[in-house]
Each structure stands twice: as structure tokens, then as C-alpha cells.
Amino acid sequence: MTEPADDATPAPTAASAAAEAARRRRLAEVFGDVLPETSPDDPHPTARDDRWYEENRPPHHGG
């Protein structure tokens with residue numbers, strides 16, 4: 001049996017994927033959500049139509 005070269009990365013297995021998921025869960029328990037999906041200053045999607053954006057376009061954006 002031959003050993004992989006030093007620069008070869010072993011193929012991921014179900015066991016390694018499960019171990020990685022467990023590691024991520026432990027990190028989340030300790031540190032919490034370090035990078036949340038959204039932050040308080042992110043714009044929230046609204047149901048505005050294009051007309052609102054055209055009316056409120058800054059002058060330096062042309063139009």
C-alpha cells in the first residue's frame with residue numbers, strides 16, 4: 001500500500017464530515033454566532049417598487 005504524497009489532501013469521508021460538524025457545533029456553543037447572517041445595519045428587504053428608488057436616486061447617480 002502506498003502513502004499519499006505530502007501535498008495530497010485525503011478525500012472527505014462521512015466520518016470526517018460528521019467530525020467537522022461536531023467541531024463547528026462546539027465552537028458555536030463556546031463563541032456563539034461570530035458572524036451572523038445579517039447585522040443590525042443591513043437593509044431590510046421591502047416591497048418598494050422601482051418608482052420609489054427612481055424618486056429617491058441621488059443626483060450624482062444621473063437620470
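All heavy atoms count here, side chains included; hydrogens, waters and symmetry mates do not.
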Discussion item. Between Arg51 and Glu55 (salt bridge meaning N to carboxylate O under 4.0 Å), is one present in this structure?
Written reply: yes
Item to complete: Report the C-alpha distance between Arg24 and Glu20 in whole Å, list the side-chain angles of each, state the deciding distance to 0.1 Å, and finish with yes or no for salt bridge (Lys or Arg N to Asp or Glu O under 4.0 Å).
Response: CA-CA 6 Å; Arg24 289 179 184 261; Glu20 177 65 17; 3.1 Å; yes
Worksheet entry | Arg26: partners by salt bridge (Lys or Arg N to Asp or Glu O under 4.0 Å), with sequence neighbours left out | none
Worksheet item: Is the number of heavy atoms from other residues, nucleotides or ligands within 6.0 Å of CG (Asn56) greater than 12?
Response: yes
